[in-house]
Amino acid sequence: MNWKLNALGRFEDFTLLMLRLVTGAFLVHETWDNITSADRARQFADFLRQFNFPLPHLMAPLSVAVQFGCGILLILGLTTRVAGLLIAANFAIAVYMVHWTGPYREWWPALILVLLGLHFAAAGSGRFGFDALVGKRR
């Protein structure tokens with residue numbers, strides 16, 4: 001039985017690709033309104049202000065840029081390890097500054113993004129990403 005389950009390891013690069021694509025698409029989707037709407041961008045800065053973030057008018061666009069840019073990088077599998085670290089840092093700050101005092105259920109999305117970011121930092125893009133193509137040329 002165990003040898004049959006071990007055979008599933010051959011799908012590791014494919015599942016990593018799917019995880020990168022879904023996470024990257026989520027990050028792009030969730031930040032697009034902040035990029036295309038000045039009103040939504042202001043609302044996000046006000047949200048950060050409510051939680052006592054320093055310089056919320058600068059932190060909001062920085063967070064959006066990190067999330068959107070890293071989402072694109074994950075989709076492409078390009079500088080995946082760096083993108084993973086940035087995602088983990090961004091959402092670790094969110095967990096600490098926004099969710100820390102709330103119920104665990106409200107932590108879940110941000111906490112999962114911290115862990116996904118750490119996974120991407122550790123695993124890289126896998127075989128199906130630009131990182132793998134660049135690595136083969138070296």
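The shown structure was predicted, so the numbers you read here are calculated from the model rather than taken from an experiment.
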### Task
Determine whether more than 12 heavy atoms belonging to other residues, nucleotides or ligands lie under 6.0 Å from atom CZ of F51.
yes
### Query
Heavy-atom count around E12 CD within 6.0 Å, excluding the residue itself: above 12?
no
Heavy atoms only: give me the nearest [X]-[Y] pair and the separation to one decimal.
X	Y	answer
G124	L16	O-CD2, 3.5 Å
A132	G126	CB-O, 3.3 Å
T31	Q67	CG2-CB, 3.5 Å
P56	A45	CB-O, 3.4 Å
E106	H99	O-ND1, 3.3 Å

About how many Å separate [atom2] of [Y] and [atom1] of [X], when rounded to the nearest 0.5 Å?
X	Y	atom1	atom2	result
H119	R20	NE2	CZ	10.5 Å
R10	T15	CZ	OG1	12.5 Å
T79	I72	OG1	CD1	12.0 Å
C70	I75	SG	CD1	11.5 Å
D13	M18	CG	CE	11.5 Å

Do [X] and [Y] come within less than 4.5 Å of each other through their side chains, counting heavy atoms only?
X	Y	answer
I87	L116	no
F26	L113	yes
H57	L55	yes
L115	F91	no
S63	F44	yes

### Cluster check L85, F120: I/L/V/M/F/W/Y, side chain < 4.5 angstrom
no
### Query
Out of curiosity, does V22 fall in the hydrophobic cluster containing F14 (side-chain heavy atoms, cut-off under 4.5 Å, transitive links)?
no
Is the side chain of [X] donor-acceptor paired with the backbone N or O of [Y] at a distance under 3.5 Å, no angle test?
X	Y	answer
W107	V95	no
R81	A122	yes
S37	R40	yes

### Task
Applying ring pair (Phe, Tyr, Trp, His ring centres under 6.0 Å), name anything that partners F128, two or more places apart in sequence or on another chain.
none
### Qualifying residues under ring pair (Phe, Tyr, Trp, His ring centres under 6.0 Å), relative to W108, sequence neighbours excluded
none
## Note on the structure
In L21, L19, T80, V28, the residue satisfying side-chain contact (heavy atoms from CB on, under 4.5 Å) with L74 is T80
### Test item: side-chain donor near acceptor, Q50 and D46, under 3.5 Å
no
### Message
Going by the rule side chain to side chain donor-acceptor pair (under 3.5 Å), which residues pair with N34 if we only count those two or more places apart in sequence or in a different chain?
### Response
none
